[in-house]
**Student:** 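My questions will all concern the structure given below.
Proteins come first, then strands; the chains are lettered A, B, ... in the order of their sequence lines, and each starts at number 1.
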Amino acid sequence: MEMGQFLAIFISAVFINNVILSRFLGLCSFIAISKETKPALAMSLAVMFVITMSSIITWFIYRFLLIPFGLAYLRTISFILVIAAFVQLVEMVIRKISPPLYRFFGIYLPLITVNCAVLGVAVLNSDMFFTKSSAVAGSFYYSLFQAVCVGVGYTLAMLLMSGIRERLELCNVPRVFKDFPLAFIIASIMSLSFFGFNGFKF
Amino acid sequence: MKKFFHEFLKGIFRENPTFVLALGLCPTLAVSTSLTNGLGMGVAATFVLLGSNVIISGMRNIIPGRIRIPCYIVVIATFVTLVEMTMKAYSPALDRALGIYVPLIVVNCIVLGRAEAYACKSSVTNSFFDGLGMGVGFTLALLLISGIREVSGAGTILGREIIKGFDPVRVISMPSGALLVIGLLLAFFNLIKRKK
């Protein structure tokens, strides 16, 4: 475990391989909920929380259940079930203990189960930080850190996009480009500018 | 027979999952760098759609309404695991190219969407043709996008060079090119719809 590795994960997850703009995970929510800044922020925070928690849980399941018993081929099924159950649980807890918080991002929670970013990060962690049959040194911290960084990358892309789209509301857009097509083209230009980080050397 | 044909065609044109319903865009954009990858993804997703549609509509009277989504997810994930293992065994190169996007078929909105919107209230044969049609529609959309991207981004078709000395537009095969192509295609289909 070294500091350099953490820096590399940070730069890679937030900028170079940005979860939305370069890996295309969670694209549906990115296009659908980025019309205004406030819901976009709520969605991003919810996604960040769920990604972090679910990658902790899936790490433990992969490390202590699937690998020792030779069940690695059950990865997809077990991960998605755990994520779905976890999201349901969080929704119930939030509704019970904090109604304002539930109103703030409760409606986005069920959507997150089928957000590819959550399962994507869990799968990515198990691909990157595990060798064939064991965890690499510091694997848990790397996984946790990568999950947080992916969440930060998601939030960054969401905030930029919603800022741009709020301004576009006031513009005169060709009718065939209204809404989705234009959102994709904006995302394309953003993705191009994020691609500039590719030459980052340290 | 005509009815089945109708179920089949609906997925290809009128309710095309990619261009009309805008579902399942994540894998569409990520793997559409070459025709081979697009075809591989399309066939894998079609198999999952077909299998999960048939099983779910066969069990539609047994599955309790309140926990139907987890049940659907288990069925879908089973088929995805089958695809994953088959692909790893018989075509490791394709498996490496598609990477994490194979397990991500589980959260592809098309599959869960068809289960929830169609298979859970239709007969097995109807669901079979619906799944087949949606799968073929998705594959055709993938082929269209990956065709455009391979020809203009790499200057090849199925890995073969078309014109000697043609300097490809590299940006099209990068992530930003995928977003640009899909944006322009969606605008194009909007234009056609408007003309009608």
**Student:** From Leu25(B) CG over to Asn108(B) CG, what is the distance, rounded to the nearest 0.5 angstrom?
**Tutor:** 9.0 Å

**Student:** Are the side chains of Arg60(B) and Arg68(B) in touch, meaning some heavy atoms are under 4.5 Å apart?
**Tutor:** no

**Student:** Spell out the residues in residues 153-176 of chain A that have some non-hydrogen atom less than 4.5 Å away from a non-hydrogen atom of chain B, in order of number; otherwise answer 'none'.
**Tutor:** Arg175(A), Val176(A)

**Student:** Roughly how far, to the nearest 0.5 Å, is OG of Ser12(A) from CD of Gln146(A)?
**Tutor:** 7.0 Å

**Student:** Please check this pair: side chain of Asn53(B) against backbone of Ser127(B), looking for a donor-acceptor N/O pair closer than 3.5 Å.
**Tutor:** yes

**Student:** Among Tyr142(A), Tyr62(A), Phe140(A), Trp59(A), which one satisfies ring pair (Phe, Tyr, Trp, His ring centres under 6.0 Å) with Phe129(A)?
**Tutor:** Tyr142(A)

**Student:** Residues of residues 81-88 of chain B under 4.5 Å from chain A (heavy atom pairs)?
**Tutor:** Thr81(B), Glu84(B), Met85(B)

**Student:** Kindly give the heavy-atom pair with the smallest separation between Pro103(B) and Val123(A), and that separation in Å.
**Tutor:** CG-CG1, 4.0 Å

**Student:** Name the orientation class of the two ring planes belonging to Phe197(A) and Phe194(A) (parallel below 30°, tilted from 30 to 60°, perpendicular beyond 60°).
**Tutor:** perpendicular

**Student:** Can you tell which part of Phe188(B) gets under 4.5 Å to a heavy atom of chain A, answering side chain, backbone, both or neither?
**Tutor:** neither

**Student:** With a 4.5 Å cut-off on heavy-atom pairs, point out which of Lys178(A), Arg75(A), Arg23(A) contacts chain B the most.
**Tutor:** Arg23(A)

**Student:** Please name the pair of heavy atoms, one in Leu50(B) and one in Phe128(B), separated by the smallest distance, quoted to 0.1 Å.
**Tutor:** CD1-O, 3.4 Å

**Student:** Rounded to the nearest 0.5 Å, what separation is found between the OG atom of Ser32(B) and the CD1 atom of Ile182(B)?
**Tutor:** 7.5 Å

**Student:** So do Leu45(A) and Phe49(A) actually touch side chain to side chain, heavy atoms under 4.5 Å?
**Tutor:** no

**Student:** May I ask you to name which of Leu104(B), Thr28(B), Ile100(B) has the most heavy-atom pairs under 4.5 Å with chain A?
**Tutor:** Leu104(B)

**Student:** Find the distance between CG (Leu142(B)) and CG (Leu29(B)) and round it off to the nearest 0.5 Å.
**Tutor:** 9.0 Å

**Student:** Work out which heavy atom in Thr58(A) is nearest to a heavy atom in Ala122(A); give both atom names and the distance.
**Tutor:** OG1-CB, 3.6 Å

**Student:** So what's closer than 4.5 Å to chain B heavy atoms on Leu81(A): side chain, backbone, both or neither?
**Tutor:** side chain

**Student:** With a 4.5 angstrom heavy-atom cut-off, is it the side chain or the backbone of Thr78(B) that approaches chain A, or both, or neither?
**Tutor:** both

**Student:** Can you give me the closest heavy-atom contact between Val75(B) and Ser52(B), atom names plus distance?
**Tutor:** CG1-CA, 4.1 Å

**Student:** If we define contacts as heavy-atom pairs under 4.5 Å, which of Phe180(A), Phe195(A), Phe79(A), Phe184(A) has the most with chain B?
**Tutor:** Phe184(A)

**Student:** Check each atom of Leu112(B) against the heavy atoms of chain A and say whether the ones under 4.5 Å are side chain, backbone, both or neither.
**Tutor:** side chain

**Student:** Given heavy-atom pairs under 4.5 angstrom as the criterion, report whether the side chain, backbone, both or neither of Val171(B) touches chain A.
**Tutor:** side chain

